[in-house]
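Below: one structure, written as structure tokens.
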Amino acid sequence: MLAFQLLRLQAVRVLLGDSSCRPASRGSLGPRSTQKGSGAGWEEEKHKDGVKWRQLEHRGPYFAPPYEPLPDGVHFFYDGKPMKLSMAAEEVATFYGKMLDHEYTTKEVFQNNFFSDWRKEMTVEERKVIKHLDKCDFTEIHRYFVDKATAQKALPREEKQKLKEEAEKLQQEFGYCILDGHREKIGNFKTEPPGLFRGRGDHPKMGMLKRRVMPEDVIINCSRDSKIPEPPGGHQWKEVRSDNTVTWLAAWTENIQNSIKYIMLNPSSKLKGEKDWQKYEIARRLKGVVNEIRSLYRADWKSQDMKKRQRAVALYFIDKLALRAGNEKEEGEAADTVGCCSLRVEHVQLHLEADGHQHVVELDFLGKDSIRYYNRVPVEKPVYKNLQLFMKNKDPGDDLFDRLTTTSLNRHLQDLMDGLTAKVFRTYNASVTLQEQLQALTHAEDSVAAKILSYNRANRAVAILCNHQRTTPKTFEKSMQNLQTKIKAKKEQVAEAKVELKRAKSDHKTQGGNKSRSSLEKKRRLLEKLQEQLARLSTQATDKEENKQVALGTSKLNYLDPRISIAWCKRFGVPVEKIYNKTQREKFAWALDMAGEDFEF
DNA sequence: CGCACAACTTAGAACGTGCCAG
DNA sequence: CTGGCACGTTCTAAGTTGTGCG
């Protein structure tokens with residue numbers, strides 16, 4: 001069984017088991033929510049129809065530094081002979097040389113795409129000579145950049161300080177804008193530097209040359225009366241416009257997928273914060289109608305209309321398993337990944353009986369970022385029957401829901417509730433799960449450390465639901481071993497302390513007196529301290545093991561209504577800083593402002 | 001309706017840094 | 001005082017949803 005699948009089962013156990021240990025009172029007799037601090041200026045909607053700002057002023061993007069040619073002593077070799085390359089060809093060669101010890105460069109697709117794009121940058125003469133990648137030797141280039149990085153790391157303290165200050169200056173100059181009179185931080189104020197495209201998973205375009213962004217590619221968006229940003233010397237903007245129905249400050253078209261890249265605000269900004277708040281308010285509205293929607297799709301499982309049936313089963317998956325909508329993707333443009341609506345027959349297996357359950361569906365597919373989703377889950381009988389029907393007479397490569405698109409699904413959802421789309425279910429289920437899990441796992445009498453462990457467990461249940469995975473850190477095994485060694489040592493200390501305590505007890509019994517009494521007390525305290533330390537270490541180990549391949553950050557940042565966490569902190573006396581770091585507190589400023597301890601999602 | 005394009009959110013990996021144990 | 005590691009930050013790819021057009 002896959003490790004992640006195991007975790008999913010454990011998570012279910014937490015969901016089912018532990019809640020019975022706690023009184024299950026939901027205590028929702030009082031007012032449903034407390035929202036204070038309305039004077040802080042958080043408003044769900046301020047502008048009329050799509051207007052996002054009245055004033056927008058900024059310095060434009062900061063451009064990647066120009067290419068610095070290799071020093072004379074560093075050579076590229078072709079067929080064993082050194083070869084001086086033209087600047088354009090050399091630059092692209094360095095992109096490849098830098099990546100030499102990365103797995104990417106061993107892949108055929110990567111090599112082919114790179115070589116074909118590289119040749120386009122060569123002069124006619126170069127192209128005549130350089131015909132085979134396997135005759136190219138980039139090792140000297142590679143070594144040059146490795147050495148350079150090492151030298152950079154070894155820089156004296158004051159040099160590093162200087163660099164830091166320069167970066168700070170840049171941040172101050174280009175990293176902020178003025179939006180409606182407020183100075184707001186920009187999320188990404190630098191253009192993306194040129195390089196070789198690194199897609200995720202089996203990407204057909206990996207290795208292609210991502211070209212340098214020039215001012216001539218960039219559209220600037222700012223208010224008409226603002227100071228128009230200066231393009232770098234000798235250059236011009238592609239266009240300067242003033243569109244206050246969008247939130248971006250600058251944009252350019254990228255050459256790999258031909259999509260638009262944007263310069264936008266940081267999550268700490270008021271604009272993003274209000275949008276975030278709005279997102280959770282929509283999810284909370286879903287809470288009010290979700291039971292109705294669930295009865296509706298259950299009814300639709302029996303509809304005469306096959307389209308409706310498919311929609312109803314897909315919606316069940318989206319709701320129960322927190323799957324993404326799953327848009328169609330153009331073949332050859334991106335890795336072959338799917339979501340709910342784009343599931344194919346080959347991704348589903350039906351088991352009339354498995355793991356001691358009836359009607360088990362086994363899902364196995366690559367989702368966003370080519371992360372594998374694997375799950376075996378018992379479903380209600382009509383779902384099972386419908387899936388059998390949808391799969392009948394189809395090839396493995398055929399669409400499971402051949403009459404369903406994300407557009408038609410979302411249109412249906414929109415009819416059920418204003419603002420409802422497929423992804424709202426993910427937000428809703430994630431937040432509701434956190435709230436339930438916190439309720440089930442938190443014990444008021446626990447230490448702050450234990451409460452934080454409970455919080456992480458609740459967070460983890462959500463991450464598992466949403467399939468947020470990470471590759472096990474390279475150093476995991478080693479650092480786990482270190483921790484185990486520490487635990488073993490601590491256990492020995494505890495054992496020893498117990499022996500000593502026993503001895504002290506008997507000493508005190510035979511001798512009596514103050515001296516032996518104080519010695520006894522000392523030993524007792526020592527044992528207590530050691531036992532505490534041991535307990536802390538073992539919770540640490542548990543936490544670490546359970547977190548091995550689970551990424552908590554994504555759900556924390558994008559799916560969990562921060563007001564749930566803030567209310568929990570207030571209720572149980574946990575400092576918010578233990579849950580949210582500085583950046584996160586800035587992003588969730590809106591929630592810190594308004595969530596009282598009795599907030600309920 | 002179906003498509004292409006635009007705008008915005010969500011995502012994991014790579015990178016940087018500062019702290020703590022040895 | 002130093003090296004490893006945990007954590008925070010940066011980067012940009014990969015999704016979803018909305019829009020406008022024929």
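All values below come from the heavy atoms of this structure, side chains included, with hydrogens, waters and symmetry mates left out. Being a predicted model, the structure only gives us computed values, none of them experimental. Chain A is the first sequence line, chain B the second, and so forth, proteins listed ahead of strands; every chain is numbered from 1.
- Comment: A/Arg241 does not engage A/Asp243 in a salt bridge, judged by the lack of any side-chain N to carboxylate O separation of less than 4.0 angstrom.
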Please write out each protein N/O paired with an N/O of nucleotides 20-22 of chain C under 3.5 Å, distance rounded to 0.1 Å.
none

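- Straight-line distance from the NE2 atom of A/His203 to the C1' atom of C/dT12: 13 Å, rounded to whole Å.
- Heavy atoms only, all atoms of each residue included: A/Ile220 and A/Pro61 are closest at CD1-CD, 3.9 Å.
- Contact annotation for A/Gly326: backbone-only contact, meaning every heavy-atom pair under 4.0 Å involves sugar-phosphate atoms and none involves a base.
- In this structure, A/Asn581 places its CG atom where more than 12 heavy-atom neighbours from other residues, nucleotides or ligands lie under 6.0 Å away.
- Within 4.0 Å of A/Ala334, counting heavy atoms only, lies no atom of the nucleic acid at all.
- Distance A/Asn410 CG to B/dG2 C1': 16 Å, rounded to the nearest Å.
- Protein atom CD1 of A/Ile260 is 15 Å distant from nucleotide atom P of B/dT9, rounded to whole Å.
- The distance between atom CD of A/Glu330 and atom C1' of B/dC5, rounded to the nearest whole Å, is 12 Å.
- Across the protein-nucleic acid pair, A/Asp418 atom CG and C/dT17 atom P stand 15 Å apart, rounded to whole Å.
- Note on A/Thr405: nothing from the nucleic acid sits closer than 4.0 angstrom, heavy atoms only.
- Using a 4.0 Å cut-off between charged side-chain N and carboxylate O, A/Arg344 and A/Asp398 make no salt bridge.
- The existence of a salt bridge linking A/Glu254 and A/Lys210 is excluded, since no basic side-chain nitrogen approaches an acidic carboxylate oxygen closer than 4.0 Å.
- For the pair A/Arg585 and A/Tyr580, the cation-pi test (distance below 6.0 Å, angle within 45°) is failed.
- Among the protein residues, A/Thr247 comes within range of the sugar-phosphate backbone only, with heavy atoms under 4.0 Å from sugar or phosphate atoms but none that close to a base.
- The side chain of A/Val246 approaches B/dC8 more closely than any other nucleotide in the set B/dA6, C/dT17, B/dC8.
- Of the side-chain N and O atoms in A/Asn327, one or more sit less than 4.0 angstrom from OP1 or OP2 of C/dT16.
- Counting non-hydrogen atoms under 4.0 angstrom, A/Gly367 reaches the backbone sugars and phosphates but no base.
- One interatomic measurement links the two molecules: NZ of A/Lys52 to C1' of B/dA6, which rounds to 11 Å at whole-angstrom precision.
- Here CG of A/Leu400 is found 10.0 Å from SG of A/Cys341. Values are rounded to the nearest 0.5 Å.
- Residue-level contact check: A/Pro193 touches the backbone only, with heavy atoms under 4.0 Å from sugar-phosphate atoms and none from bases.
- A cation-pi arrangement is absent between A/Lys205 and A/Phe197 under the rule of less than 6.0 angstrom and at most 45 degrees off the ring axis.
- Classification of A/Glu586 and A/Lys582 as a salt-bridged pair holds, one side-chain N sitting under 4.0 Å from a carboxylate O.
- Remark: of the listed residues A/Lys368, A/Arg324, A/Arg200, A/Lys329, A/Lys329 is the sole one forming a side-chain hydrogen bond (donor to acceptor under 3.5 Å, both in side chains) with A/Thr337.
- Mapping A/Lys210 and A/Ala422 onto DNA chain C via the closest heavy atom, the residue that lands nearer the 5' end is A/Lys210.
- Nearest-nucleotide mapping onto DNA chain B: of A/Thr253 and A/Arg411, the residue sitting toward the 5' end is A/Arg411.
- Atom CD of A/Glu192 and atom P of C/dC11 are 10 Å apart (whole Å).
- In this structure, A/Thr421 reaches the C/dT17 phosphate: one of its side-chain N or O atoms is under 4.0 Å from OP1 or OP2.
- At a threshold of 4.0 angstrom between heavy atoms, the contacts of A/Lys582 with the nucleic acid are absent.
- Within 6.0 Å of the NZ atom in A/Lys578, the count of heavy atoms belonging to other residues, nucleotides or ligands does not exceed 12.
- For the pair A/Leu366 CG and C/dA13 P, the interatomic distance rounds to 19 Å; values are reported in whole Å.
- At the heavy-atom level, A/Lys272 lies under 4.0 Å from the strands shown only through sugar-phosphate atoms.
- Using a 4.0 Å heavy-atom distance criterion, A/Tyr262 is classed as a base contact.
- When the side-chain nitrogen and oxygen atoms of A/Asn188 are compared with OP1 and OP2 of C/dC11, none of them lie within a distance under 4.0 Å.
- A close approach under 4.0 Å does not occur between any side-chain nitrogen or oxygen of A/Ser370 and OP1 or OP2 of C/dA14.
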Would you tabulate the pairs of protein nitrogen or oxygen atoms and nucleotide nitrogen or oxygen atoms of nucleotides 20-22 of chain B closer than 3.5 angstrom?
none

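- Outside the 6.0 Å centre-distance limit, the rings of A/Tyr373 and A/His347 are not counted as a close aromatic pair.
- Taking a cutoff of 4.0 Å between a charged side-chain nitrogen and a carboxylate oxygen, A/Arg284 and A/Glu281 qualify as a salt bridge.
- Atom CD of A/Glu331 sits in a sparse spot, with 12 or fewer heavy atoms from other residues, nucleotides or ligands closer than 6.0 Å.
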Per-nucleotide protein contact string for nucleotides 10-17 of chain B (B base, S sugar-phosphate only, - none; heavy atom under 4.0 Å): BSBSS---
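- With distances taken from any side-chain atom of A/Thr583 to the nucleotides B/dC8, C/dT17, C/dT9, the minimum falls on C/dT9.
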